[in-house]
Amino acid sequence: MFLAQDPTLQDFGHDTWWLVIIKVVAVFAFGMLCTLLGVWFERRVVARMAVRPGLNQAGPFGLLQTLADGLKGAFKEDIMPRTADKVVFFFAPTVAVICAMTSLSVIPFGPMVSIFGHRTPLQVADVPVAVLLILACSGMAVYGIVLGGWASGSTYPLLGGLRSSAQMISYEVSMGLSVVAVFMLSGTMSTSQIVAAQASGKDYELFGTTISAPGWYAILLAPSFIIFFIAIVGETNRAPFDLPEAESELVAGYMTEYSSLKFLLFMLSEYVAMVSMSAATATLFLGGWRAPAPVTTIWAGANSGWWPLLWFFIKVVLLVFVFVWLRATLPRLRYDQFMRLGWRVLLPINLVWILSLAALQVYRDPETGDGKYVILGGFLVGIVLLALLWPSGKKGPDKPLEEQIKSRPPGSFPIPPMDLQVPPSPRARRAVAEREPANVGASSGGDLADKES
């Protein structure tokens, strides 16, 4: 029975040293394998959406192309700028990779399993504030980008690093507020306990009728799920929010001066962050390693043994597919549009949604203790907020021309005549300016001959 058991916080910290090493190596291999396959997956999917073959030369289906690109990049010349801070320039890419990989240590990949006869959870570690560790690792990744741009000793990387820091910090606020709603419903910050809280739905009394709500927070907390996913797309610098690497504006941004393995580490950190954030999304909102309802209805043992590892991997792949789908579909946003979306749209919606959810959670039925109207109220509030605060693409009416002229600050450029009649140039000859149209009448042939002579 323990093979289908949810791990608790008391189940962690009792593994032997060799079992801990096996878990750490397995999680590291998972992150690296998903990264290598993610590059191939992205190029194949984008090619499919663009109606072209894509990778099909190196290995079957082009699977060895990523390995070939890695070897080619490793053997390229490693250039160090003269004005660079050599120590910081060297360690900045490793900071980005380590922070992205560390967050996988608190992700639950499955229930209690048996490894060589030892009962252990399919998770490296878990703490009462594991979700805060994921947010901290995401925030620490900013240092790798900022230090990489500053240590390059060049203008373009510095601008790219500053712009990247503003972007990632802005969307960390929305990402952190989205997780608050998960804390409120689950009552814990432990990743394993959040997955356990989504194991089954909850019954709510609505106007005397019992309604069974689903267990996944992606449905119960739909506004938080949507905002969280938008925030992680901006946090991982993926399209359409790939402004730190805007080649058309910043010449590859903060990694302009990087080459060879250090450049590959920056690219690796982006894909590792995409995989780790997809795993965090599946854990917080999609039931973690648990199979969806149709599978559990048909097969009672779907959540036991090592099968949950398959369901978790499928959810991560589907979320990575959405990342790739966005890149192949949406154009890159301007920087002002991107920051406006984060501060003026996502943040107000998140704050109002959390306050509404808190009010619904506090108001409880004195007899049953269950929150009343949580499902209906939550969906109505989310729909109303999205309808009211969604930015409109229509421009407002223009002011009359007279008001625009009056509102111009003093010292502005002169305005041309409103009647669009340009006066003659003072340098033109008076004969040209006051010339009358020529009037040539009919005349005899002799007159024309005299004039010609």
**Report entry** Glu235 (side chain) donor-acceptor with Ala273 (main chain) under 3.5 angstrom
**Finding:** no

Requested in this report: Could you check if a side-chain atom of Ser190 sits within less than 4.5 angstrom of a side-chain atom of Pro128, using non-hydrogen atoms only?
Outcome: no

**OP:** Test Arg290 against Asp6 for salt bridge (Lys or Arg N to Asp or Glu O under 4.0 Å), laying out the working first.
**Re:** CA-CA 10 Å; Arg290 294 187 175 276; Asp6 287 302; 2.4 Å; yes

Compile the donor-acceptor pairs under 3.5 Å between side chains in residues 25-36 and protein atoms, sequence neighbours left out, one pair per line.
unit_1, atom_1, unit_2, atom_2, d
Thr35, OG1, Gly31, O, 2.6

Query raised in the report: If you count the non-hydrogen atoms of other residues, nucleotides and ligands that lie under 6.0 Å from CH2 in Trp17, is the total more than 12?
Result: no

Would you mind writing out the side-chain donor-acceptor pairs for residues 94-108 within the sub-3.5 Å range, not counting sequence neighbours?
unit_1, atom_1, unit_2, atom_2, d
Thr94, OG1, Phe91, O, 2.6
Thr102, OG1, Ile98, O, 2.6
Ser103, OG, Ala100, O, 3.1
Ser105, OG, Thr102, O, 2.6

Result for ring pair (Phe, Tyr, Trp, His ring centres under 6.0 Å) between Tyr258 and one of Phe266, Phe263, Phe90, Tyr156 points to Phe266

Are any non-hydrogen side-chain atoms of Leu264 and Leu261 less than 4.5 angstrom apart?
yes

Subject >> Donor-acceptor side-chain pairing of Lys23 and Thr120 below 3.5 angstrom >> reply: yes

Keeping the roles fixed (side chain from Glu270, backbone from Met267), state whether a donor-acceptor pair exists under 3.5 Å.
no

Within a strict 4.5 Å, meaning less than it, do heavy atoms of the Trp40 and Leu67 side chains meet?
-> no

>> Walk me through whether Thr283 and Phe312 qualify under side-chain contact (heavy atoms from CB on, under 4.5 Å).
In response: CA-CA 9 Å; Thr283 300; Phe312 182 80; 3.8 Å; yes

Point to revise | Carboxylate-amine/guanidinium proximity below 4.0 Å for Asp242 and Arg238 | key: no

The complete set of salt bridge (Lys or Arg N to Asp or Glu O under 4.0 Å) pairs with one or both residues in residues 68-94, sequence neighbours excluded, reads Arg43-Asp69, Asp78-Lys262

| said: With no hydrogens and no angle check, just 3.5 Å: does a side-chain donor-acceptor pair link Ser152 and Ser154? | reply: no

Could you list the donor-acceptor pairs under 3.5 angstrom formed between side-chain atoms of residues 46-64 and any protein atom two or more places apart in sequence or on another chain?
none

Donor-acceptor contact present, side-chain Trp311 to main-chain Ala302, <3.5 Å:
yes

By side-chain contact (heavy atoms from CB on, under 4.5 Å), Val24 pairs with (sequence neighbours left out) Val20, Val124

Report the C-alpha separation of Ser170 and Met339 in whole Å, then their side-chain angles, then the decisive distance to 0.1 Å, and conclude whether the side-chain contact (heavy atoms from CB on, under 4.5 Å) test is met.
-> CA-CA 8 Å; Ser170 299; Met339 299 301 287; 3.0 Å; yes

Could you check whether any side-chain heavy atom of Thr236 comes within less than 4.5 Å of a side-chain heavy atom of Phe323, counting everything from C-beta outward? yes

Between Asp11 and Pro7, the two heavy atoms sitting closest are OD2-CA, 3.5 Å

- Query: Without hydrogens or angle criteria, can the side chains of Ser178 and Asn350 be said to hold a donor-acceptor pair below 3.5 Å?
  - Reply: yes

Of all heavy-atom pairs linking Gly176 and Leu135, the shortest is CA-CD1, 4.2 Å

Are the side chain of Ser192 and the backbone of Thr8 linked by a donor-acceptor contact shorter than 3.5 Å?
-> no

Does Tyr217 have its ring centroid less than 6.0 Å away from the ring centroid of Phe228? no

Taken to the nearest 0.5 Å, the spacing of Ile134 CD1 from Leu284 CG works out to 6.0 Å

One should read off an interatomic distance between Leu346 CG and Leu351 CG, to the nearest 0.5 angstrom, of 11.0 Å

Working for side-chain contact (heavy atoms from CB on, under 4.5 Å), residues Ile145 and Asn237: CA-CA 11 Å; Ile145 294 177; Asn237 303 328; 3.6 Å; yes

Heavy atoms of Phe229 and Leu319 approach each other most closely as CE1-CD2, 3.9 Å

Distance col, row Ser138:OG vs Glu172:CD, nearest 0.5 angstrom, shows 5.0 Å

Validation row: Leu185, Leu357 side chains within 4.5 angstrom (heavy atoms)
yes

Q.
Under 3.5 Å, is there a donor on one side chain and an acceptor on the other for Gln123 and Thr191?
A. yes

| said: Just so I know, are the side chains of Phe89 and Leu147 near enough to count as touching, which here means a heavy-atom distance under 4.5 Å? | reply: no

Residues Lys315 and Gly288: closest non-hydrogen pair is NZ-O, 2.9 Å

* Asked: Taking the six-membered ring where the residue is Trp, are the ring centres of Tyr171 and Phe338 under 6.0 Å apart?
  -> yes

#### Entry: Trace of the side-chain contact (heavy atoms from CB on, under 4.5 Å) decision for Thr281 with Phe225
CA-CA 8 Å; Thr281 305; Phe225 171 66; 3.7 Å; yes

Do Tyr143 and Val146 touch side chain to side chain, with heavy atoms closer than 4.5 Å? no

task: Fit a plane to each ring of Trp325 and Phe321, take the angle between them on a 0 to 90° scale, and name the class: parallel (under 30°), tilted (30 to 60°) or perpendicular (over 60°).
output: tilted

Q.
Contact between Glu42 and Tyr271 at the side-chain level, heavy atoms closer than 4.5 Å - yes or no?
A. yes

In this structure, CH2 of Trp18 is separated from CD1 of Ile21 (nearest 0.5 Å) by 10.5 Å

Quick note, salt bridge (Lys or Arg N to Asp or Glu O under 4.0 Å) partners involving residues 124-139, not counting sequence neighbours, are none

Between Trp289 and Asn303, the two heavy atoms sitting closest are CZ3-O, 3.9 Å

To the nearest 0.5 Å, atom OG of Ser224 lies from atom CD1 of Ile354 at 6.0 Å

Check whether more than 12 heavy atoms from other residues, nucleotides or ligands sit under 6.0 Å from atom CZ of Phe313, and answer yes or no. no

Smallest heavy-atom separation, Pro240 atom then Pro331 atom, equals CB-O, 3.1 Å

Distance col, row Met140:CE vs Cys137:SG, nearest 0.5 angstrom, shows 8.5 Å

